Amino acid sequence: MIGGLDDVVAAETVLSDVDGIAGRLIIRGVSLDDLVHSRYEDVLSLLLDGFFPDLSGLPEGLGAARVAVFKHLASVDADLLALTPIEAVRALLARLPDGDDLTTALHLIAAPAVFTPGIIRLRSGLAPIAPNPGVTHACDILAMMLGKAPEAQQVAALDRYLVTVADHGLNASTFAARVVASTQAGLASAILAGLSALKGPLHGGAPGPVLDMLDAVGTPANAARWVEDELARGERLMGFGHRVYRVRDPRADALKGAVELLATSSAIDPVRLALAEAVERAALAALKRKKPDRRLETNVEFYTALLLESLGFPRATFTCVFAMGRTGGWIAHAREQVLGGRLIRPQSRYVGPKPQQAA
Ligand code: CMC
């Protein structure tokens, strides 16, 4: 089928390598397994290296960017709060100017990280909390949402999430960002394109529905019957299957590790974890029976759901948290496209009606 461009190579990149057969993700020469203990700032430096003149003050620059974009939360009104959180973040992000320099890039990376906690609080009738440029990006995101200093394990778990989702080959949102960047429209335009593509349930919109699924299943004993009924109705199981991976998504294990980090600090509900594990087992068994020729394994979104719920993010904001991490990857790809690529302009084959011949 032409529609999905499955095996088309549409870009060369030094940024990430997704090996769908081995189940391995490499970011600029470093395996995800080795990156998961890094701070998000360190992975940003790795991704952006060579795409901007000087990255030496990146952590401080990112802190200053959080402070600079905070003022846009003052413009949030009732109409904006009536939008879904990802639509509200997109609307606020659209206020940022285009440009191709590092300051523009850091403002765009800071935007979802500052706007999401602000919107969460405003939706609960609380005032947004101003960023603190003196702490790490992950720590500040949690502090702005929770209204208090987070525990070290919570910060480590969010860092692991942001690092794990920072980049992932030519996924739909990264492709969208590269297409827009290739027209030289500027970084803000490219990031808005990426965010809009990320929002869909087939890409970054799945983890909220994963929690809906856990709620609907209710208890481990119900899992097998529930997934069978769902598949019999022709529904897709959220958090399973991937265009590239034919084995378990390596990001699923990285994030399960983050969930386990939280388990040691009792931030995770063991009953919820046991339910998720039962649903995962039942789903994998049912998918194997139903689709023996197409390997459908756990993807990144399954444990994302459990992790972000345990960190206190409302499920309606999970795609915004995905965007907090992925914006770094979009910026790197957009710069790579502008610096080394050409206008992306593929062809379509016309299959519509021919003009009528004059009699
Ligand atoms: N549950 C049930 N059946 C599925 C699923 C699923 N999760 N995923 C694929 N299938 C079936 C699908 O119905 C199709 O069957 P048939 O050939 O009989 O029509 C077959 O497997 C192939 O599906 P496809 O749609 O051609 O595969 P794709 O490569 O286009 O889809 C996907 C990839 C992620 C969109 C899909 O697996 C899916 O919808 N998963 C659920 C949503 C989800 O978890 N999304 C997050 C993706 S990971 C985040 C990211 O990296 O972007």
Side-chain angles (χ1 to χ4, degrees), residues 1 4 6-7 18-25 31-33 36 157 160-161 164-165 168-169 171-172 200-264 267-311 315 318-319 321-322:
M1 211 194 343
D6 294 37
D7 295 316
V18 181
D19 185 334
I21 304 300
R24 200 185 54 216
L25 171 60
S31 161
L32 176 65
D33 305 340
V36 288
R160 184 176 294 203
Y161 174 74
T164 300
V165 302
H168 199 241
N171 57 84
L202 299 191
H203 189 5
V210 168
L211 286 190
D212 298 339
M213 174 170 73
L214 296 186
D215 289 346
V217 173
T219 63
N222 247 349
R225 205 193 58 222
W226 193 91
V227 298
E228 289 293 353
D229 289 352
E230 200 71 354
L231 290 174
R233 275 201 302 275
E235 299 291 339
R236 289 183 178 213
L237 302 176
M238 290 293 141
F240 299 91
H242 198 272
R243 174 62 64 82
V244 181
Y245 291 118
R246 288 294 164 267
V247 292
R248 192 177 164 88
D249 184 336
R251 300 169 300 171
D253 283 331
L255 296 183
K256 191 167 186 204
V259 167
E260 284 157 4
L261 270 179
L262 289 180
T264 61
I268 195 134
D269 175 0
V271 175
R272 195 75 161 153
L273 180 56
L275 173 63
E277 286 173 338
V279 170
E280 185 185 17
R281 275 194 303 275
L284 291 176
L287 288 167
K288 198 168 176 183
R289 270 196 307 279
K290 193 164 165 70
K291 296 253 162 245
D293 303 327
R294 165 97 185 180
R295 284 197 61 183
L296 296 168
E297 299 282 338
T298 313
N299 68 41
V300 64
E301 305 291 36
F302 192 76
Y303 283 102
T304 289
L306 211 57
L307 178 65
L308 298 187
E309 176 182 58
S310 308
L311 286 172
R315 72 183 68 178
F318 287 176
T319 315
V321 190
F322 195 159

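As the structure is a prediction and not an experimental result, all values here were calculated from the model.
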>> In the structure I gave you, are the side-chain heavy atoms of Val271 and Leu275 within less than 4.5 Å of one another anywhere?
In response: no
>> Test of understanding: with side-chain contact (heavy atoms from CB on, under 4.5 Å), list the residues that count as partners of Leu296, not counting sequence neighbours.
In response: Leu287, Lys291, Arg294
> At their closest point, which heavy atom of Ser310 faces which heavy atom of Leu262, and how far apart are they?
Replying inline: CB-CD1, 3.7 Å
> Between Val300 and Asp249, which heavy-atom pair has the shortest distance, and what is it?
Replying inline: N-OD2, 2.9 Å
> Nearest 0.5 Å, what's the CE-CG distance between Met213 and Leu237?
Replying inline: 6.0 Å
> Under the side-chain contact (heavy atoms from CB on, under 4.5 Å) test, which residues partner Val244, sequence neighbours left out?
Replying inline: Val18, His242
> Does the pair Arg251 and His168 meet the rule for a side chain to side chain contact (heavy atoms under 4.5 Å, CB included), with working shown?
Replying inline: CA-CA 10 Å; Arg251 300 169 300 171; His168 199 241; 3.3 Å; yes
>> Please report the interatomic distance CG(Leu307) to CG(Leu255), rounded to the nearest 0.5 Å.
In response: 6.0 Å
>> Please determine whether a side-chain nitrogen of the Lys or Arg among Arg160 and Glu260 lies less than 4.0 Å from a carboxylate oxygen of the Asp or Glu.
In response: no
>> To check you understand the geometry: which heavy-atom pair defines the closest contact between Ala286 and Val227, and what is its length?
In response: CB-CG2, 3.9 Å
> In Å, rounded to the nearest 0.5 Å, how long is the span from CG of Leu306 to CD of Glu280?
Replying inline: 10.5 Å
> Does some side-chain heavy atom of Leu308 sit less than 4.5 Å from a side-chain heavy atom of Tyr161?
Replying inline: yes
> In this structure, are over 12 heavy atoms from other groups packed under 6.0 Å from Arg315 atom CZ?
Replying inline: yes
> How close do Leu284 and Glu297 get, heavy atom to heavy atom, and via which atoms?
Replying inline: CD2-CA, 3.8 Å
> Is there a side-chain contact between Phe322 and Glu301, using heavy atoms and a 4.5 Å cut-off?
Replying inline: yes
>> Using side-chain heavy atoms (C-beta onward) and a distance below 4.5 Å, is Asp6 in contact with Arg243?
In response: yes
>> I need the minimum non-hydrogen distance between Gly23 and Val247, along with the two atoms involved.
In response: CA-CG2, 3.3 Å
> Within a strict 4.5 Å, meaning less than it, do heavy atoms of the Val259 and Arg272 side chains meet?
Replying inline: no
> Between CG of Asp19 and OH of Tyr245, what distance do you get to the nearest 0.5 Å?
Replying inline: 8.5 Å
> Excluding sequence neighbours, so at least two apart, what forms side-chain contact (heavy atoms from CB on, under 4.5 Å) with Asn222?
Replying inline: Val217, Thr219, Arg225
> Does the side chain of Lys256 come within less than 4.5 Å of Glu277's, by heavy atoms?
Replying inline: yes
>> Treating Thr319 as the side-chain partner and Gly204 as the backbone partner, does any N or O pair qualify as donor plus acceptor under 3.5 Å?
In response: yes
> What distance do Leu202 atom CG and Met238 atom CE have between them, rounded to the nearest 0.5 Å?
Replying inline: 6.5 Å
>> Contact between Leu214 and Leu211 at the side-chain level, heavy atoms closer than 4.5 Å - yes or no?
In response: yes
>> Any non-hydrogen side-chain atom of Phe318 less than 4.5 Å from a side-chain atom of Glu309?
In response: yes
> Would you call the rings of Phe240 and Phe302 parallel, tilted or perpendicular, where under 30° means parallel and over 60° means perpendicular?
Replying inline: tilted
>> Tell me the closest heavy-atom pair linking Ala278 and Pro220, and the distance in Å.
In response: CB-CB, 3.6 Å
